[in-house]
Amino acid sequence: MKPTKSNTKAVVLSLVIVLLLVGVAVAVVGLTAAPASTVTSFESGDYDYFALQAAQASKDAEAKIKAEAKRVADAEQAAQAAKEAEAQKAKDAEAVAQQQSERTIDTPYYTIVLPESWLGDFEYQYDDSYDKTDGTGDNGVVLGLGYVTSVKRLSTNEHFQVVCYSDSYGPQGRFYSKNLGALSMLPGHHVAVVTSIDPIAGEVSAQDREALLGEYASYVTVK
């Protein structure tokens, strides 16, 4: 018996219906399974973008706080170091000034500042007297000298003097001398540094004393 056209159509229609039902079922299963998988992934936190972003922001904020704290600490440390350096500088300057004052001989007419190597190694005597003639010198010129400072270095026994002379007068006797300039404080007078030609026991030689005369002169400032 041959199948009729109506039977064939029925069979085809049944197959189509079955295929449609199968497709719908597969689609429903896919829709219900996908959300479950997605929810599980976000709930695990392993790939939660927002959580990772928040964690990174927290780390960045913490790093900024630490950097700012370090900057403040460094600034405070630098300020303290600068303050200590300034205090030390002032202390050193005060020590230098004190040391210089201890090797400075000041008179109304000149100042002697001895070198550092003389510190604690010298003695001196200042005589504020002044001697002059009564005007009966050569051509009636007044001759005068005074305000003498005698300086002696203890370790070498070397010595020199600083003396005020009237311009018409000068060292008399066996002396090496060097004129240091006019006295504004005492018109008509000049200051000279002198040292004896004749040796003193334990002192440097006469040649050395003459050579040292220029050095002694550098210690003196005329007023």
Side-chain angles (χ1 to χ4, degrees), residues 84-223:
E84 291 176 357
E86 191 65 25
Q88 186 61 47
K89 183 179 178 181
K91 185 177 179 181
D92 292 344
E94 183 179 353
V96 169
Q98 176 63 30
Q99 185 190 77
Q100 181 167 320
S101 70
E102 293 174 0
R103 51 188 173 86
T104 297
I105 305 167
D106 193 35
T107 77
Y109 307 104
Y110 54 84
T111 300
I112 306 170
V113 180
L114 299 171
E116 292 182 12
S117 59
W118 286 54
L119 185 64
D121 187 32
F122 73 94
E123 61 184 15
Y124 77 95
Q125 182 176 1
Y126 173 67
D127 185 351
D128 63 356
S129 64
Y130 181 82
D131 296 323
K132 67 178 180 178
T133 67
D134 57 4
T136 58
D138 294 344
N139 300 319
V141 176
V142 175
L143 306 178
L145 67 88
Y147 314 116
V148 179
T149 300
S150 301
V151 183
K152 176 182 177 182
R153 188 171 188 183
L154 301 177
S155 61
T156 62
N157 205 33
E158 59 186 287
H159 69 281
F160 65 92
Q161 291 181 316
V162 181
V163 186
C164 296
Y165 291 98
S166 62
D167 290 340
S168 57
Y169 197 47
Q172 305 294 309
R174 296 177 57 78
F175 295 100
Y176 295 118
S177 66
K178 183 177 180 64
N179 189 329
L180 302 181
L183 264 171
S184 61
M185 299 288 295
L186 194 62
H189 290 72
H190 64 276
V191 174
V193 58
V194 299
T195 186
S196 175
I197 294 176
D198 297 323
I200 296 176
E203 196 193 13
V204 294
S205 67
Q207 292 82 358
D208 289 336
R209 286 198 301 280
E210 184 177 18
L212 287 169
L213 192 64
E215 182 177 336
Y216 298 151
S218 69
Y219 305 161
V220 184
T221 300
V222 179
K223 296 182 179 179

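Every heavy atom of this structure was used, including side-chain atoms; hydrogens, water molecules and symmetry mates were not.
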Spacing of [atom1] belonging to [X] relative to [atom2] belonging to [Y], to within rounding of 0.5 Å:
{"X": "L212", "Y": "Y176", "atom1": "CG", "atom2": "OH", "result": "11.0 Å"}
{"X": "S218", "Y": "K178", "atom1": "OG", "atom2": "NZ", "result": "10.0 Å"}
{"X": "L186", "Y": "Y109", "atom1": "CG", "atom2": "OH", "result": "5.5 Å"}
{"X": "D131", "Y": "S166", "atom1": "CG", "atom2": "OG", "result": "11.5 Å"}
{"X": "T107", "Y": "D127", "atom1": "OG1", "atom2": "CG", "result": "12.0 Å"}

Requested in this report: Determine whether the aromatic ring centres of H189 and Y130 lie less than 6.0 Å apart.
Outcome: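 They qualify: ring centres under 6.0 Å apart.
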Which heavy-atom pair separates [X] from [Y] by the least distance, and what is that distance?
{"X": "V220", "Y": "Y216", "value": "CG2-O, 3.7 Å"}
{"X": "G144", "Y": "Y169", "value": "O-CD2, 3.5 Å"}
{"X": "D121", "Y": "S155", "value": "OD2-OG, 2.6 Å"}
{"X": "V163", "Y": "V194", "value": "CG2-CG2, 4.2 Å"}
{"X": "D128", "Y": "Y147", "value": "O-CE2, 3.3 Å"}
{"X": "L183", "Y": "C164", "value": "CD1-SG, 3.6 Å"}

Atom OH of Y126: over 12 foreign heavy atoms under 6.0 Å
yes
Worksheet item: Within a radius of less than 6.0 Å around CD of E94, do more than 12 heavy atoms belonging to other residues, nucleotides or ligands occur?
Response: no
Practice problem: Would you indicate whether the side-chain heavy atoms of V151 and H159 approach each other to under 4.5 Å? | Solution: no
| query | Should Q99 and E116 count as side-chain neighbours, where that means a heavy-atom distance under 4.5 Å? | reply |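 Yes, close enough: below the 4.5 Å cut-off.
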Donor-acceptor pair between [X] and [Y] side chains, under 3.5 angstrom:
{"X": "S150", "Y": "Q125", "result": "no"}
{"X": "Q98", "Y": "E102", "result": "yes"}
{"X": "T149", "Y": "Y110", "result": "yes"}

Handout entry: Worked check of side chain to side chain contact (heavy atoms under 4.5 Å, CB included) between I112 and V162
Key = CA-CA 9 Å; I112 306 170; V162 181; 3.6 Å; yes
Checklist line | Sidechain N-carboxylate O distance under 4.0 Å for K223, D106 | finding: yes
Please walk me through it: do Y124 and K152 pass side chain to side chain contact (heavy atoms under 4.5 Å, CB included)?
CA-CA 6 Å; Y124 77 95; K152 176 182 177 182; over 6 Å; no
Quick one: does any side-chain atom of T195 pair with a main-chain N or O of F175 as donor and acceptor, under 3.5 Å? no
Exercise for the section: Give a yes or no on whether the backbone of L114 and the side-chain of R103 come within a donor-acceptor separation of less than 3.5 Å. Expected result: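 Confirmed, R103 side chain pairs with L114 backbone.
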- Query: Which ring-ring contact (aromatic ring centres under 6.0 Å, His included) pairs, counting each pair once, include a residue from residues 85-104, with sequence neighbours left out?
  - Reply: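 Listed by first then second residue: nothing to list.
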